[in-house]
Amino acid sequence: MNMKTVEGLVGARSNINLSDTAMGVYRQAAQKGDTATAERALGYAGDMVDQAEAYETKAEEGMKADAKEQKEKAKADQEKIIEKRKEDQKELEARIEQSRNPDGDTVEISGDGKPVSAETAGTETAGSADAASSAGTQEMPPVVYNSAGEVYNQELPAEAEISVVV
């Protein structure tokens with residue numbers, strides 16, 4: 001809360017209380033017929049009301065300043081939110097672009113042990129040598145786990161291909 005607002009509200013309330021006291025003195029003097037005291041009390045009450053109005057004006061100025069400050073803060077917060085969303089959008093777009101063009105290596109394995117991709121087609125002789133050396137080893141059957149964690153064997157067709165993106 002702005003200091004002008006606090007000062008204005010406290011000052012206005014204090015002066016209104018003082019004018020109430022002066023009005024009480026005026027009423028008592030008027031009942032007794034003491035016109036000099038009544039006029040003096042009425043003058044004090046009028047002065048206190050004038051001062052209360054001045055403090056009220058000060059409080060209004062403070063409230064306007066508070067409202068302006070709140071609007072500026074809200075606008076700054078909104079700009080921060082917009083900037084954050086723009087950054088998040090750029091980051092998301094970068095991730096989408098990266099997922100479209102993977103930088104990692106791709107490995108494809110065929111059931112025959114032969115090269116699958118065009119990149120490895122030139123190394124067919126090396127692949128054949130590897131296939132010949134592994135021909136003496138026994139191939140493990142594929143294993144599948146169910147949701148309970150139990151193992152059961154399942155025969156896969158010979159044309160099955162596996163792709164791994166790293």
Side-chain angles (χ1 to χ4, degrees), residues 1-110 116-120 140-157 160-166:
M1 187 179 277
N2 193 328
M3 285 304 296
K4 277 187 172 182
T5 305
V6 174
E7 184 180 349
L9 292 173
V10 170
R13 180 67 184 162
S14 299
N15 282 301
I16 291 296
N17 288 341
L18 290 173
S19 71
D20 287 346
T21 303
M23 287 302 293
V25 170
Y26 167 77
R27 284 188 206 102
Q28 287 178 355
Q31 284 177 352
K32 291 180 184 178
D34 188 2
T35 56
T37 304
E39 288 177 8
R40 200 170 47 241
L42 196 56
Y44 288 144
D47 290 343
M48 294 301 133
V49 169
D50 291 341
Q51 287 180 6
E53 288 175 356
Y55 278 115
E56 181 183 6
T57 304
K58 188 178 265 189
E60 288 174 358
E61 290 173 1
M63 287 188 281
K64 286 179 184 178
D66 281 343
K68 183 178 178 182
E69 184 179 315
Q70 288 294 334
K71 284 180 184 178
E72 289 174 359
K73 184 178 178 183
K75 186 177 179 181
D77 289 345
Q78 186 69 22
E79 288 175 0
K80 285 180 184 178
I81 290 170
I82 290 170
E83 186 63 31
K84 174 96 170 105
R85 285 185 182 168
K86 285 180 182 178
E87 290 174 9
D88 290 346
Q89 183 67 25
K90 286 179 183 178
E91 184 178 315
L92 179 62
E93 288 173 0
R95 277 195 252 150
I96 290 171
E97 186 63 32
Q98 185 179 11
S99 69
R100 288 182 185 159
N101 300 324
D103 293 337
D105 296 331
T106 302
V107 177
E108 296 181 20
I109 302 172
S110 69
V116 178
S117 67
E119 296 172 349
T120 59
M140 297 287 295
V143 178
V144 178
Y145 295 93
N146 64 12
S147 62
E150 300 169 345
V151 178
Y152 63 93
N153 294 333
Q154 180 180 6
E155 295 296 323
L156 293 176
E161 294 182 4
I162 299 172
S163 295
V164 178
V165 178
V166 181

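Computed from heavy atoms alone, side chains included, the values below leave out hydrogens, waters and symmetry copies.
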Exercise answer: donor-acceptor pairs, residues 22-42 side-chain atoms, under 3.5 Å, sequence neighbours excluded:
residue: Asp34; atom: OD1; partner: Thr37; partner atom: OG1; Å: 3.4
residue: Asp34; atom: OD2; partner: Thr37; partner atom: OG1; Å: 2.4

Enumerate the residue pairs fulfilling side chain to side chain donor-acceptor pair (under 3.5 Å) with a member in residues 44-59, sequence neighbours excluded, ordered by first and then second residue. Glu7-Lys58
Using the test salt bridge (Lys or Arg N to Asp or Glu O under 4.0 Å), find all partners of [X] that sit at least two apart in sequence or belong to another chain.
| X | result |
| --- | --- |
| Glu91 | Arg95 |
| Lys80 | none |
| Asp77 | none |

Looking at every heavy atom in both [X] and [Y], which two are closest together, and how far apart are they?
| X | Y | result |
| --- | --- | --- |
| Met63 | Thr5 | N-OG1, 3.1 Å |
| Ala45 | Ser19 | O-CB, 3.8 Å |
| Asn2 | Ala65 | ND2-CB, 3.1 Å |

With Ser14 as partner, the option from Ile16, Val10, Asn17 fulfilling side chain to side chain contact (heavy atoms under 4.5 Å, CB included) is Val10
Would you say that more than 12 heavy atoms from the other residues, nucleotides or ligands in this model lie under 6.0 Å from the CD of Glu60, or not? yes
Rounded to the nearest 0.5 Å, what separation is found between the CD atom of Glu79 and the NZ atom of Lys75? 6.0 Å
Quick check for you: to the nearest 0.5 Å, what is the distance between Lys4 atom NZ and Leu9 atom CG? 13.5 Å
With sequence neighbours excluded, residues passing side-chain hydrogen bond (donor to acceptor under 3.5 Å, both in side chains) with Glu87: none
